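One structure is given below, encoded as structure tokens.
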Amino acid sequence: MSALSDDDESLHDGPESLYGDPEVEDDDIDDDDDSYEYTPEERSSRSAEDESEGDLEEARDLSEAEIAGLKRAGGIRRPRAREADKSRTRDGDELATLDAVIGQLRSPLARELNKKEVLDHITCLFRTHLLQKRDSHNILLYEERIRNMCIDQQQSLQVDLREMLADPSLQHICEFVRVCPKVVFPALNQAAKEAVLRRYTMYADTHNKIFVRFEALGSLSRISDVRIGHNNTLLKFEGTVTKRERRVHNLQVLYETCLTCKFSLDPVVQTADHQPSKSRKCPLCQRRGPFELNQCQTVFENSQVVRVQENSSSLEAGRQARQIAVIVQDDLVNSVRPGENVIVTGIPGNMYKYGPDVHSLQFYRCVEAVHIAKTQDTSSGYFLTEADKAEIHSLAASPDIVDRIVKSIAPSIYGHPLIKKGLAAALFGGEPKKVNGKHSIRGDIHMLLMGDPGTAKSQFLKYAQKVTPRHVYVTGQGASSVGLTACVQQDSVTKEWTLQGGAMVVADQGVCLIDEFDKMSEQDRKGIHEPMEQQTVSVSKAGLNVTLKARCTVVAAANPVGGRYVRTRTLKENVNLADSILSRFDIIVVVLDKPDPVADKKLADHVVDVHERSHPDYSQGADNSEQQDLNIMPQEMLRKYIAYAKANVHPQLRAEESLKLQKAYELARDAAKNSSAVPFAPRSFEAMIRITEASAKMRLREYADEQDCDMGISVVLESFVSCQNITNQKELRKQFVHFLHPGSDYNALILHKLQEASIRLEVGLPEIEPHGAMFMTCSELQAEVEELCVTIGAEFFQSPAFGASPFAWDKGELITWSKGLIR
């Protein structure tokens, strides 16, 4: 039979070590003294050995693990019918007087509820509910829960408040729990203990305390809205764990032995100021010490303080995220870690510490946790319905699903197809791997946006913040190395050194968004080298040697030196970033603000359309001339699609696709050997693999195919080419033309270039009237498509795409059209 150590037998309910409530301490002492008493007939009915054998015979349908757990718990206690009738009669007599007792309660309610007879009636009523409540199938509701708790040797019994409200006899107790939880909870815990011991008689040798855990009903409160009026009531709020302190053992009951006469002194209960009485005298020898701590009998309580912060998604504009200290005790200790989203049900109160003056105290708010539930975002795969899954698979069956996902990324931002494709790959991510179970290879895709101001770089970061359930948004000017990784702080209460995770630790398995990345100092950027590649944060300070996980995707935005990006320079010359940090980004996109009549006209139309549709008075039926793109997925469905793909799809590379990636890598390495821009390092080859896997996830495929490889190669090579100066870009685009435009219809690309060139000519010739004759030579068109490395011939002019366009060819050198028809 397993038994707890003396340090772990801290089984008192109230937060005496932190609140110092004398009333709750008295209740805890009564809970320890009041154990369930069996009748003489029950004790003499049969021996403990016969009971265990009979119980195991009745539980022959259980598994071996469950039987072993029942043996440790002492077997199933089944009183004889006659004894059970006596028990029910005895409980019925007590319950009959409960309504009369409740009817006599006066104000203040807490003082009336603290009376022993009232607490005894509440204990009896709740114990009856646990033992006799049945579900719709006439099965005991809590029998299986209690059995599973004992098999797993747990201390928490999960109870649903809705089930209690459905019982008319417990409606008063539910109200008492809401307004006076610190008084009522000891009685409920005692009732749960008695209900467990009635079936498993020896479970008290494993755990001396049983705790009732349930989540409060009603809507969630905000941490910033907690006030003094909420003290000593039941409250529920949601947030993210940002800090977890060390576990401490709070003293509950002190036992001492006089070293002079070896006399054992009477126990001393923890006082309100956290210190046991020092003016003690041995009743035998009348000496005031020295005394020795009795380690075997002294009772401690496991306790821990965690910091919970408001979720950024629930904050109003201009409000700062607030934090609150949550005190977890007993079996809730170490149940959560930094970065997890939780719903906490607890009792607000106040903690205190000594101020500058020894006689002054400083109070700050806290919450004693009663129940903690880990949550996922509503778009998480764990909350998807069957209808959602069916719709996701229906979308994945579409051959253009990747294009639909890319179009759905930040639909309010016009253009930037490479950024949207890279951001989509970063949100889906690759597949993490472990080599021989030791060395790990990251699957997260890091992305850097570099370019001119006013090109929507920060807007892309804000969009990624909204579409991901777990994210941390920081700015380079206000972030430091320890703020991004981890810092060591001295606890204000215990004076011990504690570790607090930074942005990349809190964003574990999420996205860390860093704006103004160029504003960070070089020393601070060096601090994120390890979490970006190894995805861990190692700290060796103040005697702490800890390694934290930082498995997050980094999406950063930076501005060039001088404010504008100079195309005649390379990326390294335009930005003050070292090769060591640049090589850790899988995708680097250079964004330029170039005047272009065609692009500017389309951008202006898009901005006007977005402003019109975003107006609060806009009506869908007011203007039917502009229809939304049906290929754009709803944002809620996109979040569900991403969550489902990341949780359930784990694609692999086959030999054929691996050879194609290797060939592209070899050609890129050979072409980049003379480049002075960002080096094409072996990490770039891993980036190809990760983006290929991300493309397979978008299509919900278990194996990556040639189409996925084409996307991985094109994104990485386009990123590499955009980092070169204007001269090298033209040469590299000619070399990589088949990789940058895989499987493309070159006739469609040539027609697109022709349309752009014709619009520029129309803008440059305003004197020509509408529908006037316009022309362009084939030589001019050949210069426009030079980067495609194709020769324009009769095949293009005879293609269906050119035939359906408003252009005409005279079978010579001229291409003609009428002004205004192209737009």
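It should be emphasised that the depicted structure is a prediction, and the values quoted were computed from it without experimental measurement. Just so it is clear, the values below take in all heavy atoms, side chains as well, and ignore hydrogens, waters and symmetry mates.
Applying the side-chain contact (heavy atoms from CB on, under 4.5 Å) rule to V370 yields the partners F185, L234, I347; only residues at least two apart in sequence or on another chain are considered. Every residue two or more places apart in sequence or in another chain that forms a salt bridge (charged side-chain N to carboxylate O under 4.0 Å, His left out) with R145 is listed here: E163. For R213, the salt bridge (charged side-chain N to carboxylate O under 4.0 Å, His left out) partners at least two apart in sequence or on another chain are D331. Looking at residues two or more places apart in sequence or on another chain, you find a side-chain contact (heavy atoms from CB on, under 4.5 Å) between K549 and D508, R551. T345 is linked by a side-chain hydrogen bond (donor to acceptor under 3.5 Å, both in side chains) to nothing, counting only residues two or more places apart in sequence or in another chain. With sequence neighbours excluded, the residues forming a side-chain hydrogen bond (donor to acceptor under 3.5 Å, both in side chains) with Q323 are T242, Q309, listed by chain and number. Here T547 pairs with T536, S538 under the side-chain contact (heavy atoms from CB on, under 4.5 Å) rule; sequence neighbours left out. Scanning for side-chain contact (heavy atoms from CB on, under 4.5 Å) contacts around C174 gives L161, M164, L165, with sequence neighbours left out. Residues satisfying the side-chain hydrogen bond (donor to acceptor under 3.5 Å, both in side chains) criterion with D160, sequence neighbours excluded, are R162.
To the nearest 0.5 Å, the span separating CG on L130 from CG on L125 amounts to 10.0 Å.
Annotation: ring-ring contact (aromatic ring centres under 6.0 Å, His included) contacts involving residues 137-156, sequence neighbours excluded, comprise H129-Y142.
Residues F176 and L170 form no side-chain contact, since every pair of their non-hydrogen atoms from C-beta on lies 4.5 Å or further apart.
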